[in-house]
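Step one of this worksheet: look at the structure below.
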Protein chains: 2
Amino acid sequence: MGAKGEETRARLVQATRVLIEAQGYFGTGLNQVLAESGAPRGSLYFHFPDGKDQLVALALAEAGRDVADLLDHMCAGELSAAEVVRGLLDAFGERMEQSGYAKGCPLATVALEVAAGHEPLRRVCEQAYGEWQRALAELLVRGGRDRAGADAAAGAALALVEGSLLLARVQHSRLPLDQAARAAELLLA
Amino acid sequence: MGAKGEETRARLVQATRVLIEAQGYFGTGLNQVLAESGAPRGSLYFHFPDGKDQLVALALAEAGRDVADLLDHMCAGELSAAEVVRGLLDAFGERMEQSGYAKGCPLATVALEVAAGHEPLRRVCEQAYGEWQRALAELLVRGGRDRAGADAAAGAALALVEGSLLLARVQHSRLPLDQAARAAELLLA
DNA sequence: ACAGGAATGGACCGATCGGTCTAGTCTGCT
DNA sequence: AGCAGACTAGACCGATCGGTCCATTCCTGT
């Protein structure tokens with residue numbers, strides 16, 4: 001397995017990540033992925049024999065892991081849960097604004113498209129969201145909350161994050177992100 | 001304009017509403033809409049000369065209005081804002097569960113798909129969300145909040161609703177809706 | 001009854017979809 | 001040097017996409 005092949009593979013996944021975040025699963029064609037990544041069609045099916053589904057599943061998993069890593073990193077410091085949520089929303093907001101509101105939650109668009117009709121992709125999203133929520137819940141438990149309360153609060157906080165990312169993209173404004181961060185302070189105090 | 005034509009037109013919009021809520025804009029083909037509604041291709045372009053975009057825009061606007069009406073109706077009673085949010089989430093949750101988690105927010109999937117790439121549809125979604133938020137904000141003002149605080153709280157509550165609907169669909173569980181409703185009690189108290 | 005617009009039914013179009021296939025090229029090992 | 005497997009390049013496939021077109025049928029007002 002040469003380094004060149006690895007790079008092509010990585011470029012395909014990266015292009016897929018960018019495109020499905022902005023346009024979703026159905027809105028993103030393989031021709032678009034090929035054009036964006038510069039890879040020929042043959043390479044795609046060499047690296048990903050199962051085609052689009054495999055490529056998208058991997059892109060979603062990678063994106064989910066990246067956020068989880070960021071979250072774990074923030075949770076490892078001395079920050080409160082509310083401060084972590086604020087930090088997360090700031091990071092997402094910056095990305096979003098700079099992309100012309102094409103980027104938000106890297107999973108959400110696909111997650112909604114496939115929630116009822118494509119079990120494998122749905123499960124990838126479910127697992128990623130689960131990891132994010134778990135990270136927040138752990139932090140809350142360390143802060144003294146009981147397990148049940150922490151899970152519920154983390155679930156609500158994640159809903160706040162996801163909802164505000166959606167509204168921010170639709171409204172082309174970071175205002176919902178700020179409102180959500182303030183609400184999180186109240187919620188996670 | 002005969003009654004028969006009106007009915008065909010309505011069935012086309014209704015079928016579109018159902019399909020785009022579950023699969024989004026790109027995931028829904030006109031052939032699917034035609035099959036679901038039983039209308040022939042010619043009728044679609046007779047009633048909607050601008051094709052898919054016009055049909056989807058109308059479907060989104062109708063769905064947005066329906067929720068706004070429900071919201072207005074609930075806000076007109078003696079309920080608190082938190083109770084209204086709870087009622088809204090209960091109604092959405094029932095629909096969602098009964099549809100096998102195919103239905104959630106009727107706008108969200110399309111809203112994310114088109115947030116950066118299809119201005120007319122984006123604006124329809126933005127306006128609908130704005131109406132929902134306004135209804136909640138008015139109720140909060142009537143409850144004694146100042147304008148700015150009410151707007152911010154309504155924005156956060158709407159984010160909570162949208163985020164929990166997304167998570168519920170992805171997880172195939174109503175739990176996130178319940179967590180969001182409880183969080184709304186804390187937030188809107 | 002009948003004229004004329006409203007509405008239907010469906011064949012047809014070029015473009016694009018995801019996917020297959022194979023000839024050719026690159027690369028590292030012996 | 002030369003062989004084998006990794007990888008690329010792109011032509012090609014049937015299916016489906018959104019959209020156009022027109023002959024036919026239905027309905028309504030006179």
Side-chain angles (χ1 to χ4, degrees), chain A residues 1-20 22-60 109-110 113-114 117-122 124, chain B residues 1-20 22-60 109-110 113-114 117-122 124:
Chain A
M1 186 120 43
K4 184 83 180 304
E6 254 342 282
E7 200 211 307
T8 300
R9 182 190 164 96
R11 283 219 319 278
L12 282 164
V13 174
Q14 181 55 29
T16 305
R17 282 178 61 168
V18 171
L19 291 166
I20 63 174
Q23 309 170 333
Y25 176 80
F26 298 113
T28 300
L30 291 185
N31 291 331
Q32 228 176 328
V33 173
L34 262 16
E36 175 91 6
S37 68
R41 213 170 185 73
S43 296
L44 196 161
Y45 285 94
F46 173 79
H47 292 289
F48 308 96
D50 290 339
K52 188 180 188 181
D53 285 5
Q54 187 184 357
L55 185 56
V56 171
L58 211 66
L60 290 172
T109 311
V110 177
E113 287 178 311
V114 304
H118 195 309
E119 190 61 11
L121 292 180
R122 197 212 109 236
V124 174
Chain B
M1 184 121 45
K4 185 77 179 309
E6 253 343 283
E7 201 212 308
T8 298
R9 181 189 163 95
R11 283 220 318 280
L12 280 165
V13 175
Q14 180 56 30
T16 304
R17 283 178 60 168
V18 170
L19 290 167
I20 62 173
Q23 310 171 333
Y25 176 79
F26 297 115
T28 300
L30 291 184
N31 291 331
Q32 228 177 329
V33 173
L34 263 16
E36 174 92 6
S37 68
R41 215 171 183 72
S43 295
L44 195 161
Y45 284 93
F46 173 79
H47 292 291
F48 308 96
D50 289 339
K52 190 181 188 180
D53 285 4
Q54 187 184 358
L55 185 56
V56 170
L58 212 65
L60 289 172
T109 312
V110 177
E113 286 178 311
V114 304
H118 194 310
E119 190 62 11
L121 292 180
R122 197 211 109 234
V124 174

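Residue numbers begin at 1 in each chain, while the letters A, B, ... track the order of the sequences.
For a distance-only test at 3.5 Å, the side chain of Arg41(B) fails to qualify as a donor-acceptor partner of the base of dG9(C).
Heavy atoms of Gly51(B) sit under 4.0 angstrom from primed sugar atoms or phosphate atoms, though from no base atom.
At least one donor-acceptor pair under 3.5 Å links the side chain of Thr28(A) to the backbone N or O of Leu19(A). Of the possible polar contacts, one joining the Glu113(A) side chain to the Tyr25(A) backbone as a donor-acceptor pair under 3.5 Å is found. A donor-acceptor pair under 3.5 Å is absent between the side-chain atoms of Arg122(B) and the main chain of Val114(B), judged by distance alone.
As a whole-Å value, the separation of Lys52(A) NZ from dC17(C) C1' is 8 Å.
The shortest distance between the side-chain N/O atoms of Asn31(B) and the OP1/OP2 oxygens of dG18(D) is not below 4.0 Å. Close to dT8(C), at under 4.0 Å from its OP1 or OP2, lies a side-chain N or O of Ser43(B). At the phosphate of dG19(C), OP1 or OP2 sits under 4.0 Å from a side-chain N or O atom of Tyr45(A). His47(A) has a side-chain polar atom (N or O) that falls below the 4.0 Å cut-off from OP1 or OP2 of dT8(D).
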Checklist entry - How far apart are the C-alpha atoms of Thr16(A) and Val56(A), what are their side-chain angles, what is the distance that settles it, and do they pass the side chain to side chain contact (heavy atoms under 4.5 Å, CB included) test? => result CA-CA 7 Å; Thr16(A) 305; Val56(A) 171; 4.1 Å; yes
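Taking every side-chain heavy atom of Phe46(B) into account, dA7(C) is the closest of dA7(C), dG18(C), dA6(D). Of the candidates dA7(C), dT8(D), dT20(C), dA7(C) carries the atom nearest the Thr8(B) side chain, counting heavy atoms from C-beta on.
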